[in-house]
Enquirer: 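Just passing along the structure, written as structure tokens.
Quick note on labels: first sequence line is chain A, next is B, and so on, each numbered from 1.
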Number of protein chains: 2
Amino acid sequence: MATLKDVAKAAGLSVGTVSRVLNNRGYISEETRQGVYTAMERLNYQPNEVARSLSRQKTNTIGLIMPSIEHPYFAKLISCLERAAYEREYKVLLFCAYGIDDQEKKFVEACRSNRVAGLIICSDTVRTQTFNNLGFPLVSYERYLDSSDACVLCDNHEGGRMAAQELIAKGCRRIGCLSGTSRVGMPADTRKEGFLEACRQQEIETIELDFPPERTIDTRYYPDILEFMKKNEGIDGLFCGSDVIAAEAIQAAVELGVSIPDRLKVIGYDDTLLSELTMPKITTIHQPVKEMAEMCIDLIDKKNNGDFVPARTIFHVSLVNRGTT
Amino acid sequence: MATLKDVAKAAGLSVGTVSRVLNNRGYISEETRQGVYTAMERLNYQPNEVARSLSRQKTNTIGLIMPSIEHPYFAKLISCLERAAYEREYKVLLFCAYGIDDQEKKFVEACRSNRVAGLIICSDTVRTQTFNNLGFPLVSYERYLDSSDACVLCDNHEGGRMAAQELIAKGCRRIGCLSGTSRVGMPADTRKEGFLEACRQQEIETIELDFPPERTIDTRYYPDILEFMKKNEGIDGLFCGSDVIAAEAIQAAVELGVSIPDRLKVIGYDDTLLSELTMPKITTIHQPVKEMAEMCIDLIDKKNNGDFVPARTIFHVSLVNRGTT
DNA sequence: TATGGTATGTCAACCGTTTAACATGTTTGA
DNA sequence: TCAAACATGTTAAACGGTTGACATACCATA
């Protein structure tokens, strides 16, 4: 592939001058600039980003460590992150831990090797993990991490509370709470706390069903949910920790001949594509994923510019009323 | 961050020797090897992949250009590709075109700049596009591309035929065919052809509904499907070009009080996570995405080794019987 | 004792680009 | 007419690692 040297030769200029054109440094005449552009065109030249990165001592790549790609929530998150990164001229290096032990640590090392401009972690493989002297900003997303430079969250507690409010307002008096538990303390765990707290305050009965830590996307909650609903017939409301759980709750309800939202009201969490593809569509708690993703990139930029970054940035959530309440 | 030189100094060795340890070249005593390892450990050393790539004149990064991330099918595909890449020691650079014009071309240039080891394209932004002198193998996935080194496909025609077969076997005599059309000629278009051909051969009536090219994931087919079903009441079967379409068809059927699979049988395409989360679950055509993803990486490896690669590799599809037929 | 394998060091070139220092012109304007 | 701005060139070092040529040992074995 053509190099700067080739372009210089083709344009009858020195490498220094061509580099000036590329980087907009120093004085350049319009004529020379055009000459360089046509030479680049003719040679089908693309600057070698690898050499550039080495010379500049930084890349324009951001690392992403996710627990899953296929799960609708993470698919949405990755999509938003890719877009936000692209808009800031970053490229995205994607890693997925799939709940496999040690993957996360390896990926962090891979990011170090590749000298990424920043790293966004949303995975939860390792219980506690301190990453020091990374050499680039570390942003944790919906996860507490001692060594992160910044943490982007949404108000999970409030989301749980809002869900409870909605179900109670629609007349539910005996509500099931279906949520996955994490091995580590994750912010998402507080959804349940917020929910239970709100119910307690209004003296609404709650019955909990906790799922073991989700290891892979293949984990199905359906059998547990079905059993739970059979065992607790009087339930008239269901708070689900994610839209996936809500979708399976709907399946169980249909299976048992319980009509939604007449006899049972269901509320999900995440506002993913899935919440629009079930029947009825899922009333859910919306997380401003797009804005949160943009904030992640923003925080990396800021940190790299030596600007101040807050330890935690917490976003509001909102209720999206669809068909299940 | 620590460099090779630092490690050499710490271990009391020359840079050359340390490099030998890292790359398993020449003679190295066990003692020296351990000395290098402990020094690396102590300095928290990670080889600079950027410098390595420049020196070796190749990266271990594979570029991915997708049309969408959030769409369940592409989420699944990206997931499989990430895994397959990781298993071969590749990292994945993810780009998403979102149906925006020219994005694809820009992404290809970005991949050239980053000197990727190979590029997998599944996008369809530009009608015709020839990429020449890329400097790395180009694999197209479910897409025809003149300039690609290899094309990985599944037997869409056969998938359409199988779907028809299933619906007819289950008693359908008047079948709707709901599918998106691409502006460019895409392999997926042949699903419909296979389906229609099989119906014609068995003299089964078909009624088509074509959706305009899908530009973003936000495109909802629901209104069109609902209208279509109202207008064509006698329909007892539905072939859908994707699971998303099938999910929306189910919504429309429930809305109209048409019970599935009793009065209407529906068959989807892709076998994504979504097909397990609707009620009833979607009978669908399974694509061996995992194997196809592995093949993509394999073809890049082969091409880079100077091995022969077939122009097209076509995979079998299969029917997954769930609840809608 | 000579040979060849083992183990390490030194040195230099190279990958493609950036950047600074410095030199050498040509224009332009006050 | 002289200084400042403009335009380009030359040269060299730097980024961090790879690789090959070559030198220098030590040690075992035939």
Enquirer: Can you give the donor-acceptor pairs under 3.5 Å from side chains of residues 290-297 of chain B to other protein atoms, not counting sequence neighbours?
Expert:
from     : atom 1 : to       : atom 2 : distance (Å)
B/Lys290 : NZ     : B/Glu294 : OE2    : 3.4

Enquirer: Taking it one step at a time, do B/Phe107 and A/Tyr86 satisfy ring pair (Phe, Tyr, Trp, His ring centres under 6.0 Å)?
Expert: CA-CA 10 Å; B/Phe107 290 153; A/Tyr86 177 75; 5.2 Å; yes
Enquirer: With rounding to the nearest 0.5 angstrom, report the OG1 to OH distance, B/Thr61 to B/Tyr90.
Expert: 10.0 Å
Enquirer: side-chain contact (heavy atoms from CB on, under 4.5 Å) with A/Thr17: which of A/Val36, A/Leu22, A/Ile28?
Expert: A/Ile28
Enquirer: Would you kindly give the NZ-to-P distance between B/Lys9 and C/dG9, to the nearest whole Å?
Expert: 15 Å
Enquirer: Does a salt bridge link A/Asp298 with A/Lys302, judged by any charged N lying under 4.0 Å from a carboxylate O?
Expert: yes
Enquirer: Check the phosphate of C/dT6 against B/Ser29, side-chain N and O only, distance under 4.0 Å to OP1 or OP2. Yes or no?
Expert: no
Enquirer: Quick one: pull up OG in B/Ser148 and CD1 in B/Ile121 and give me the separation to the nearest 0.5 Å.
Expert: 8.5 Å
Enquirer: Report yes or no: do A/Arg33 and A/Asn24 form a side-chain donor-acceptor pair below 3.5 Å?
Expert: yes
Enquirer: In B/S/- notation, 5' to 3', how is nucleotides 10-22 of chain D contacted by protein heavy atoms closer than 4.0 Å?
Expert: B----BBBSB-B-
Enquirer: Do A/Ile69 and A/Tyr98 touch side chain to side chain, with heavy atoms closer than 4.5 Å?
Expert: yes
Enquirer: Check whether B/Asp149 reaches the backbone of B/Leu138 with its side chain - one donor and one acceptor, N or O, closer than 3.5 Å.
Expert: yes
Enquirer: Rounded to whole angstroms, how far apart are CD on A/Glu31 and C1' on D/dA7?
Expert: 11 Å
Enquirer: Where along nucleotides 23-30 of chain D does protein come under 4.0 Å, by heavy atom, of base (B) or sugar-phosphate alone (S), with - for untouched nucleotides?
Expert: --------
Enquirer: To the nearest angstrom, how far is B/Gln34 atom CD from C/dA7 atom P?
Expert: 14 Å
Enquirer: What does the inter-axis angle of the helix from C/dT1-D/dA30 to C/dA30-D/dT1 come out as, five pairs per end, nearest 10 degrees?
Expert: 30°
Enquirer: What residues form a salt bridge (Lys or Arg N to Asp or Glu O under 4.0 Å) with B/Arg52, not counting sequence neighbours?
Expert: B/Glu49
Enquirer: Less than 4.0 Å between a side-chain N and a carboxylate O, is that true for B/Glu109 and B/Lys106?
Expert: no
Enquirer: Is B/Gly12 touching bases, backbone alone, or none of the nucleic acid, heavy atoms closer than 4.0 Å?
Expert: sugar-phosphate
Enquirer: Does a side-chain heavy-atom distance below 4.5 Å link B/Ile62 with B/Ile300?
Expert: yes
Enquirer: Give each protein N/O atom lying under 3.5 Å from an N/O atom of nucleotides 24-29 of chain C, with the pair distance.
Expert:
none

Enquirer: Can you measure A/Asn24 atom CG to C/dT18 atom P for me and round it to whole angstrom units?
Expert: 12 Å
Enquirer: Quick one: are B/Leu299 and B/Pro310 in side-chain contact, heavy atoms under 4.5 Å?
Expert: yes
Enquirer: Could you tell me whether the phosphate oxygens of C/dT6, OP1 or OP2, come under 4.0 Å of any side-chain nitrogen or oxygen in B/Tyr27?
Expert: yes
